[in-house]
Amino acid sequence: MSLMKPVRTRFAPSPTGFLHVGGIRTALFAWLVAKQAGGKFVLRFEDTDQSREVEGARQHLIDSLHELGLDYDEGPDIGGPFAPYTQSERLDIYKQWAQKLVASGRAYADPYSQAEVQAFREEAQAAKKPFLYRNHRPENPPEWDGSQPLRFKSEPKAYQWHDKVMGDLSTGSEVIDDFILIKSDGFPTYNFAHIVDDHEMEITHVIRGQEFIASVPNYLNLYEALEIEPPIMATMPHILGADGNKKLSKRDGAKDVLDYTREGFLVDALVNFIASLGWNDGTEQEIFSRDELIAKFSLDRVGRSGAHFDERRLNWMNGHYIRELSLDDLYAKVEAYWPPESNEYDDSYKKQVLGLVQERLKFFAELPDLTKFFFVDLPVNPELISSHKQLKKLTQDEIKNLLEQANETLEASDFSVEDLTERLNKLLEASGQKPAVLFSLIRIATTQAPASPSLADTLAVLGKERSLQRLESHLASLQ
């Protein structure tokens, strides 16, 4: 391909469902390649299989790209110099290219019924040979009038090609076969339409999933027949589930990308995480701004093996981005995530609470579980003590004694963080207990939660009256 051509990449999904992480990674990498080169990023809908289309999927795809900031320069909803950008609106274009192949003797009308084709398959199976349609080409095919499928007349040969991710690849002639170009319903197949569209839209880089790599030799044969120069190809390896044994799928928990943003994952964290699925810049750096990704991204640095989708790493990365936010910014972003009980409290109190949990917050949907005890008195839960590694060893009298000492200590405090810290440390020394015992017991008694921020900070925000009241309630439950 001429290096003088301006870079043009595309994302060409089928509107057959929500956009999952594999599709978003393909879109992101194509977007990065275009942005880095000052080129154009194109959205195209490949909807030739009308029976599989899901209602609402087109808008969902558009919304997903916009949500992640992967704005395209041309597309079905905004137009462009190569419109239309929806395959079902380009049928006349495919027919014109199909007629060129018919005229050059490289395409023919397929006269066989499905039953006849199945018989050919069974014949090959019985002979223990691979089924190749080209072995059954009709000697005198009828003139193509659109009522029968139009099939490509291949010219089998060996191929060698370079893939920007997979490297130098090659194959023998045995994989080349006659495939359908135009179906009997007048719609083209993917194998034909995408080649025509990429050429007409001047796409320079085709970035797509590993499932297409076996078809590339047939594509190369068709490129030659159409006298089209192939674009740069880059094949993305699969994204694997956490166990690394198979491709990540909806069945394994692969979610709609918008589900992540609805759960309170920050867009920049999602983009950073998805970019790192199979790519790194050769350093130990893990956190990249969007500008850094554009500057540093290279298809040459995408790994050839599958990338593991580790949700724990996504949580860690999103937590990092959350901690980088100012408290005011974070407060604005979590507005819709507070527990209902928080409605009775003012902004000042809620900001204090948010400041305490910011360090532990991995995504916004966790906020209710992490903060509910700041807004409502939870019932005493004996299991929090009976299941605690250290506290379950204490007798009820020992627990009662420690809580009575804590109550006396806190009664004398002004409930500033400094004073609480000093008094709790003195109580620790006087009781002879470990922090994991004493502080955990006080924390459970005052929050009835399995975890909380630091004890002194938590008590200071809860306030003296509420903290002592909860201690007394827990003591009363031990009677």
Side-chain angles (χ1 to χ4, degrees), residues 1 5-48 53-54 56-90 93 164 190 193-209 212 231-236 256-261 266-275 277 279 288-299 302:
M1 169 174 297
K5 288 185 177 180
V7 169
R8 290 176 56 83
T9 66
R10 47 78 158 174
F11 178 52
S14 298
T16 55
F18 64 69
L19 192 53
H20 57 79
V21 68
I24 277 291
R25 184 183 64 169
T26 300
L28 173 60
F29 285 7
W31 182 85
L32 288 170
V33 169
K35 289 296 178 185
Q36 187 180 78
K40 300 294 185 183
F41 175 56
V42 177
L43 174 65
R44 183 174 75 224
F45 285 147
E46 299 195 336
D47 63 342
T48 58
E53 181 161 343
V54 172
R58 295 172 191 247
Q59 190 59 47
H60 179 276
L61 290 162
I62 289 170
D63 292 344
S64 298
L65 293 176
H66 287 327
E67 181 77 7
L68 294 182
L70 305 184
D71 294 332
Y72 41 90
D73 302 289
E74 303 165 25
D77 56 330
I78 60 174
F82 302 102
Y85 293 90
T86 299
Q87 287 185 334
S88 59
E89 298 172 15
R90 299 172 60 82
I93 295 172
K164 287 288 284 184
Y190 168 83
H194 87 274
I195 288 177
V196 170
D197 289 339
D198 288 341
H199 174 70
E200 292 235 341
M201 295 179 184
E202 299 180 4
I203 300 301
T204 59
H205 295 66
V206 171
I207 301 168
R208 59 185 160 209
F212 294 103
I232 293 169
M233 297 185 189
T235 300
M236 297 296 107
D256 173 347
V257 69
L258 292 181
D259 281 344
Y260 285 106
T261 58
L266 293 166
V267 166
D268 286 342
L270 277 171
V271 168
N272 191 157
F273 174 74
I274 293 168
L277 290 174
W279 171 83
F288 295 86
S289 69
R290 196 169 292 235
D291 286 343
E292 284 179 310
L293 286 175
I294 292 171
K296 295 186 175 186
F297 183 78
S298 169
L299 290 169
V302 177

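Keep in mind that the numbers below use all heavy atoms, side chains included, and drop hydrogens, waters and symmetry copies.
- Between H20 and D256, the side chains place no donor N or O within less than 3.5 Å of an acceptor N or O (distance only, hydrogens not considered).
- With sequence neighbours excluded, the residues forming a salt bridge (Lys or Arg N to Asp or Glu O under 4.0 Å) with D259 are R262, listed by chain and number.
- Pairing each heavy atom of Q87 with each of T48, the nearest pair is OE1-CG2, 3.1 Å.
- Judged by distance alone, the side chain of T26 and the main-chain N or O of R208 form no donor-acceptor pair under 3.5 Å.
- Outside the 6.0 Å centre-distance limit, the rings of F11 and F41 are not counted as a close aromatic pair.
- Here the closest heavy-atom approach between residue E67 and residue V267 is recorded as O-CG2, 3.2 Å.
- Applying the side-chain hydrogen bond (donor to acceptor under 3.5 Å, both in side chains) test to pairs two or more places apart or on separate chains, those with a residue in residues 34-45 are R44-E46, R44-D198.
- The aromatic rings of F297 and W279 lie tilted to each other, with the angle between the two planes from 30° to 60°.
- Between F82 and R8, some side-chain heavy-atom pair lies under the 4.5 Å cut-off.
- The two residues L65 and A27 come nearest to each other via the heavy atoms CD2-CB, 3.9 Å.
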task = Give the intermediate values and the outcome of side chain to side chain contact (heavy atoms under 4.5 Å, CB included) for residues L43 and L61.
result = CA-CA 10 Å; L43 174 65; L61 290 162; 5.7 Å; no

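- We find that R10 and D197 are not joined by a salt bridge, their nearest charged nitrogen and carboxylate oxygen being 4.0 Å or further apart.
- Between the side chain of H194 and the backbone N or O of Y190 there is at least one donor-acceptor pair closer than 3.5 Å.
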